[in-house]
Amino acid sequence: MNRIFQFAFSKLRGVKVYALVGRSGTGKSYHSKLVAAKHHIDLIIDDGLLIKGDKILAGHSAKRDPNFIAAVRTAVFDDDDHRNEIMSALLKERYKRILIIGTSEKMVRKIAKRLELPEPEKIIHIEDVASEEEIETAMRIRYTEGKHVIPVPSIEVTRSAPQIVYDSMKVFMGKKGHMKRNQTYEKTIVRPEFSRPDKEELSEAVLTQMVKHAIGEYDAVMKVKKVRGVRNADSTYSISVTLQLPARHYMSTTISDLQEYITDCIERYGGVMVKAVNIEIEEWG
């Protein structure tokens, strides 16, 4: 369907796009049902999946993918067949509100554009719905145990990817937020291959691949000259990146935004925690 027509069609039928944004491992998928209930959201887009209630309607999870590049492409619907599968499913659904989950505003806007949805009308940050203690606990579990959450019952995940299912949990909401009284729902705990906590140290080649992909997504004019990563005593990584760009090239965002974007990409799909990203820029021309 033509993008302009699709956008107009979405606006005509009153579709509103919401976004839940936060760093990798901060509990976005865990809190997604609460956000959806509070804002009366019908559908959720999370890591390559289209979810309605306790059902996976279409797509496949990035958590099934064996490596960083495959996972990040799945999450942003880079593959046309995957993208078209989701769009076809969306056209069959009667919905007014949809929630897109991502690690940055840039990422959720890219997903909305790829799926020919309107720009997000409301962006919710994980800090708005989770306490500091909840976020710290979620991050500790992510980076010490390599566990992720998919917000559907385990039977839904087992049908397509039984190898990544680790456990399931039932969440009792009581009267919290806008959930129905005494409502419970099940979430699936998974351990993707790319997030194993016992895996070997990331090689410089893998880090370079991750950084190049992140930079290419962020600003295709920039070129990665060199990447150096150091694993710290606490198993976090400090990364130094040397970039090249034309002297007259205008950067529309700040260096800190770029640092955050690189960090998000590596943490989300590298399964490691990044302590610092230091950037050096060389100009030419």
Side-chain angles (χ1 to χ4, degrees), residues 15-64 71 74-77 86 89-90 93 95-105 107-112 115 117 120-131 134-139 141-142 147-157 161 164-174 176-180 183-190 192 195 264 267-269:
V15 170
K16 293 183 179 180
V17 178
Y18 291 71
L20 177 58
V21 172
R23 287 182 62 184
S24 178
T26 50
K28 298 183 301 298
S29 293
Y30 182 88
H31 286 87
S32 61
K33 288 287 183 69
L34 178 61
V35 172
K38 179 178 179 179
H39 297 281
H40 308 289
I41 293 170
D42 308 292
L43 304 174
I44 297 174
I45 296 285
D46 184 17
D47 249 359
L49 295 173
L50 175 61
I51 297 169
K52 180 179 182 180
D54 287 337
K55 298 290 183 181
I56 296 175
L57 296 181
H60 65 272
S61 175
K63 296 174 177 67
R64 290 173 50 187
T74 294
V76 297
F77 304 97
I86 297 294
L90 285 172
E93 290 297 315
Y95 66 100
K96 292 295 184 181
R97 301 184 180 193
I98 185 168
L99 175 68
I100 300 176
I101 300 175
T103 57
S104 66
E105 294 185 16
M107 179 181 179
V108 296
R109 288 194 173 99
K110 179 175 182 177
I111 292 171
L115 298 179
L117 291 166
E121 293 193 12
K122 183 176 181 63
I123 295 179
I124 303 161
H125 293 269
I126 188 63
E127 293 82 4
D128 299 330
V129 296
S131 67
E134 288 175 317
I135 292 172
E136 288 178 354
T137 299
M139 293 186 73
I141 292 173
R142 169 66 59 86
K147 295 176 183 176
H148 297 232
V149 169
I150 298 179
V152 294
S154 57
I155 190 172
E156 284 289 296
V157 182
I164 68 172
V165 175
Y166 178 81
D167 201 355
S168 65
M169 63 183 299
K170 287 190 176 181
V171 181
F172 176 75
M173 299 305 299
K176 184 177 180 180
H178 292 251
M179 303 297 288
K180 295 178 182 178
Q183 182 174 353
T184 64
Y185 59 93
E186 184 181 339
K187 297 174 183 291
T188 304
I189 301 171
V190 300
S195 188
D264 285 339
E267 288 188 341
R268 186 175 182 84
Y269 299 108

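Computed from heavy atoms alone, side chains included, the values below leave out hydrogens, waters and symmetry copies.
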- Task: Measure across His60 and Thr74 and return the closest heavy-atom pair with its distance rounded to 0.1 Å.
- Result: O-CG2, 3.4 Å
- Shortest non-hydrogen contact between Ala75 and Met107, atoms and distance: CB-CE, 3.9 Å
- If only atom types and distance count, is the side chain of Lys33 paired as donor or acceptor with the main-chain N or O of Gly53 below 3.5 Å? yes
How long is the span from the [atom1] atom in [X] to the [atom2] atom in [Y], to the nearest 0.5 Å?
| X | Y | atom1 | atom2 | answer |
| --- | --- | --- | --- | --- |
| Ile51 | Ile101 | CD1 | CD1 | 7.0 Å |
| Ile135 | Lys28 | CD1 | NZ | 10.0 Å |
| Leu49 | Ile86 | CG | CD1 | 7.0 Å |
| Ile100 | Ile41 | CD1 | CD1 | 10.5 Å |

[X] versus [Y]: any side-chain heavy-atom pair under 4.5 Å?
| X | Y | answer |
| --- | --- | --- |
| Leu50 | Ile45 | yes |
| His31 | Glu134 | yes |
| His39 | Ile124 | yes |
| Leu43 | Leu90 | yes |
| Ile126 | Arg23 | no |

- Would you please name every residue forming a side-chain hydrogen bond (donor to acceptor under 3.5 Å, both in side chains) with Arg97, sequence neighbours left out? Tyr18
- Message: Ala19: which residues meet the side-chain contact (heavy atoms from CB on, under 4.5 Å) condition with it, sequence neighbours left out?
- Response: Val21, Val108, Pro120, Ile123
- Message: Using the side-chain contact (heavy atoms from CB on, under 4.5 Å) criterion, which residues pair with Glu136? Sequence neighbours excluded.
- Response: Glu132
- Note on the structure: Residues at least two apart in sequence or cross-chain that pass salt bridge (Lys or Arg N to Asp or Glu O under 4.0 Å) with Glu105, listed by chain then number, are Arg109
- What do the steps show when you test Asp42 against Lys16 for salt bridge (charged side-chain N to carboxylate O under 4.0 Å, His left out), and what is the final call? CA-CA 10 Å; Asp42 308 292; Lys16 293 183 179 180; over 6 Å; no
